[in-house]
Each structure stands twice: as structure tokens, then as C-alpha cells.
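Single-structure report; data block below.
Keep in mind it's a predicted model, so treat the numbers as computed, not measured. Start at 1 and go down the list; that is how both ligands and their atoms are numbered.
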Amino acid sequence: MKITDARIFVGGPGKNYVTLKIVTDQGIYGLGDATLNNRETLPAAYLRDYLVPNLIGMDPRRSEDIWQFFYRGAYFRGGPIAMAAIGAVDMALWDIKGKLAGLPLYDLFGGKSRDGALVYAHATGADLQALMDSVARYVAQGYKAVRVQCGIPGMPTAGYGVADKETGDGDFITDFSGIRPKVEIWDTDRYMRYMPDALMAVRERFGPELKILHDVHHRLTPREAASFAKSVEPVGLYWLEDPTPAEDQGALRLLRQHSTVPVAIGEVFNSIWQCNRLIEEELIDFIRVAVTYAGGITHAKRIVDLAGLHNVRTGFHGAPSHSPVSMAAQAHLNAWAPNFGIQEYLVLGTPACDALFPSAHRMEGGLFHVSDAPGLGIDFDEREAERYSYSPGSHPVVRLEDGTMWNY
Ligand code: CS2
Ligand code: MG
């Protein structure tokens, strides 16, 4: 069996999805996602210039060897761009493998460990009242877990994950448009003073059953993070996400010594070497990698297995940064993983997305039900894709009030 063609598409409804389609001489094809938010042209170029020319003629069943060939063979290994490109190839090869076997991927991993996978949605509000309304809408839809972010009185700009309009009801509201980034101003003291009470107010209004998550988005120093974690302890959070910048694996030791709040980190990681210490020292409770830029199913599964040895559960990244293709790959891992925790969920389900990526994956009652179609169980409509093209965007940048650059 041989790979005869591999095509790359960039674009999608309101998003620059990078979709890879690998075609074989047996008519079976596989799909992969290389979307890297606001850097989408780079994994696309890495695929086009380096990986695709090598793929032609290879046996698609040898997904492990192909992964090693592209990873070890690169000499300058890793990084989000290369790993997103390798990840897309890997997903597509697993998709082909599943189709060849006539089995959904979760069966190739070891079979289903659960019927539906718990997901969480994003609730947000310009102020606490708007946040409460947003949470109430998700609860009414049957969500059992909700991430909550809200505007802070006196904060010069809205802040991470916060709707800046009254109408923003919890979908992804950050404005990424334009090549020059928007500037957000951040004030740690205001955040630390206000947010614990706001989180407590959500707990009091919605009661003990709702799983409440909160994302600090890398904004605190290790000492501040430890102090913040202590102050939110009475809320009973499901997790506290990215309390410190993720590069420093030692940063969470201080937090761990002072608090038992569950910690989730890893959405920006692209290698097991960026989280092995966090996992082995049991400094975290949830690992947040994404199959997209963590090197596809082959590498993400290694991380999940290491995590399982140390009581660390999964909480895969699922911002709209990812196309429904990698969300499908994660859904198969979620169905199988003995140490599954929760899945962030925002992408699938919009009519435009469903038209571009048809599938039988479905959300019901706050749970994600994976399709039992062979492979990833998702398709890609190339004619529909002709409606979309690349549009440049940028993450906001963050400065302190005196102008100092800070972490977005
Ligand atoms: C976020 C992301 O979903 C999350 O938890 O931290 O939305 C993140 O801001 C984006 O993926 C950045 O591209
Ligand atoms: Mg996050």
C-alpha cells in the first residue's frame, strides 16, 4: 500500500483550519489537522515543503516509523510548527489504519472505557451578572462543567476570556483579527482581589454539583499562583488552569506545597519532554495537550500513558484553535483513555463546520459521543472548502499598566 497524494487546505468558517488529506493507491484517504492558531501558514508550509514530498510512495500503515522518520530525522526537533505538521500526518495515517481495519480508532487503542465523555464549555461575562447568565444558559443546555471567566472592576481592558460586550455569551470572544495584535492591559492585584469572590458567587448560585473551571492564562508568578490557589480553595474548583507560564516546570512546586486545588496545564506543550517532570513529580492533576501540536495521536498517547502512571488525568485542549478533525482524534482517545478527565469543547456543532467536516460525532447532555464509523469518523468536503481562504490574525499582546510586556 502506498501514499499517492497529500493535499493541504487552509481556511474554514471564521477560522484558518489547516487540513491535510492523505490519499492512497487503494482509494482510502485519511484526514489530519495542523491548525496552529494565528501561525497557520507555517505548519502548512512545513507540510508542503518537507513532509508531503517525503510521504509520497511511503506505506501509510507504518505510522510509527513515519512519525520517527519525521521527528528524529529533522535534527532540529520539536516546536509547535513541526509538531503540528507531524501531528496532522499522524492523524491521517491513523484514520487510514482505522478505515483499513474497518474499526473506529478507539477500538484500535483498546476499546471504549465509557459511553460519553464529559466536556466543559466556556462561560464568560463582562461583569459577574453577565457571567451568571452565561453559566445559566449552559446549565440549561445540560452542561455539567463550565469554565468561568469574568470582567474585573477597574481592570483597564476586558482581560483573558472575557466578553467585552454585553452580548458575548461564552463562545470564543477574543478578537484575533488583523496582523497587528490588540493590546490588553493587565493588573494582577485587581485580579487577585476580585476573582476568588466572583468564583465563590458562582458556586453559591449554582450549588455543589456544577464542575467549575477557571483559566488564569499564564498570568501569575509562582508565589502569586500559590496564594491565589489558597484563596480559591473554598470554591471547590474542578481545576485551576495555567496558573503560571508553562515553560517553567518547577513553578508549580510552590503552589503544590500550599494548596490542594487541582491544577491543569499543557495546552501549549508540543512534547512529552515539556511535561514529563510535571507528571512524574505529580505537580499537576490534568494534562492539557492537544493532538494537533503535540505530534498527533502517536505522541499524545505516550503522554496520556505516562500521565496514567501518576494519577494525572486528561483534559485535552479544545479551543476553536482546533478543527473538528483533531477534535475527532481526541474524542477517540477520550473514549478509550483509562485516565480520561474532561474535554474542552467549543468547535463541532455549528452548521458551517458540520458542512465542511461531516460526521456522526455528537454532543448530548454535556457528554460527547464519539462516532463508531471506521477511522476518525469524520470527513472533509473539498467543494465546501473552496468557499474559504486564509485570513491573517494575531493573538492579543498583554502589557502591565506601566507598559511592561506580560504573558497573553
Ligand atoms: C485557552 C485558549 O481554551 C483555552 O483554555 O487558553 O483559548 C487559548 O487562549 C487559545 O487556544 C490561544 O490560541
Ligand atoms: Mg487555557
Side-chain angles (χ1 to χ4, degrees), residues 12 14-18 33-43 80-81 83-84 87 119-124 138 143 145-150 157-164 168 170-179 181-182 184 186 191 195 211-220 225 237-247 252 262-270 274-275 278 284-294 314-324 326-327 330 341-348 391-398 406-408:
K15 273 285 161 192
N16 297 309
Y17 294 135
V18 181
D33 174 23
T35 310
L36 183 62
N37 234 8
N38 298 314
R39 292 290 184 272
E40 298 89 349
T41 53
L42 303 178
I81 296 163
M83 294 303 266
V119 305
Y120 71 90
H122 285 192
T124 181
Y138 284 113
Y143 281 88
V146 181
R147 187 189 86 166
V148 300
Q149 311 291 131
C150 91
T157 57
Y160 167 75
V162 175
D164 52 7
D171 281 338
F172 200 71
I173 35 66
T174 308
D175 182 1
F176 286 163
S177 60
I179 199 66
K182 315 274 178 302
E184 289 179 3
W186 172 255
Y191 172 80
M195 195 49 72
K211 293 179 172 43
I212 300 175
L213 298 78
H214 178 66
D215 190 350
V216 186
H217 223 254
H218 326 275
R219 302 282 161 94
L220 302 179
L237 286 181
Y238 185 81
W239 82 30
L240 184 67
E241 178 177 339
D242 286 336
T244 52
E247 297 99 321
L252 292 172
V263 176
I265 208 161
E267 63 183 45
V268 297
F269 295 161
N270 51 75
Q274 291 169 322
C275 54
L278 287 172
I284 57 171
D285 301 277
F286 295 91
I287 181 71
R288 290 231 342 108
V289 291
V291 293
T292 315
Y293 23 79
T314 62
F316 289 139
H317 192 216
S321 329
H322 309 285
S323 92
S326 49
M327 292 301 283
Q330 293 185 169
I342 197 166
Q343 170 67 58
E344 183 179 25
Y345 172 84
L346 285 105
V347 190
L348 299 173
S391 133
S394 181
H395 286 95
V397 294
V398 175
W406 205 243
N407 317 307
Y408 175 67

| Can you tell me the N, O or S atom of E241 that's nearest the Mg ion (ligand 2)? | OE2
| request: Assert yes or no for the condition that the ring centre distance of Y160 to H395 is strictly below 6.0 Å. | output: no
| query | For D242 and ligand 1, does the shortest N/O to N/O distance drop below 3.5 Å? | reply | no
| request: Find all atoms of ligand 1 within a distance of less than 4.0 Å from any non-hydrogen atom belonging to H395, and give their numbers and elements. | output: 12 (C), 13 (O)
| request: Name the orientation class of the two ring planes belonging to W186 and Y191 (parallel below 30°, tilted from 30 to 60°, perpendicular beyond 60°). | output: tilted
| With atoms numbered from 1 as shown, which atoms in ligand 1 lie under 4.0 angstrom from a non-hydrogen atom of H122? | 3 (O)
| said: If the cut-off is 4.0 Å to any non-hydrogen atom of N37, which atoms of ligand 1 fall inside it? | reply: 12 (C), 13 (O)
| field | Name, closest N/O/S atom of D215 to the Mg ion (ligand 2) | value | OD2
| H122 versus E344, side-chain donor and acceptor atoms under 3.5 Å | yes
| task | For D215, counting its heavy atoms only, list the atoms of ligand 1 lying under 4.0 Å from any of them. | result | 1 (C), 4 (C), 5 (O), 6 (O)
| field | Main-chain N/O of G341 paired with T314 side-chain donor or acceptor, under 3.5 Å | value | yes
| said: Heavy atoms only: which of H217, E267, R39 lies closest to atom 9 (O) of ligand 1? | reply: H217
| task | Might you work through the side-chain contact (heavy atoms from CB on, under 4.5 Å) test for Q343 and M327, ending with a clear yes or no? | result | CA-CA 9 Å; Q343 170 67 58; M327 292 301 283; 3.6 Å; yes
| remark: Restricting E267 to its N/O/S atoms, the closest one to the Mg ion (ligand 2) is OE1
| field | Under 4.0 Å to a heavy atom of A319 - the qualifying atoms of ligand 1, by number | value | 2 (C), 3 (O), 7 (O), 11 (O)
| said: Once you measure the plane-to-plane angle for F176 and Y408, does it fall in the parallel (<30°), tilted (30-60°) or perpendicular (>60°) bin? | reply: perpendicular
| In Å, rounded to the nearest 0.5 Å, how long is the span from NE2 of H322 to CG of D33? | 8.0 Å
| remark: Counting from 1 in the order shown, the ligand 1 atoms closer than 4.0 Å to a non-hydrogen atom of S321 are 10 (C), 11 (O), 13 (O)
| field | Short N or O distance, Y160 and ligand 1, threshold 3.5 Å exclusive | value | yes
| Quick one: which of F316, F286, W239, Y143 gives a ring pair (Phe, Tyr, Trp, His ring centres under 6.0 Å) with Y120? | W239
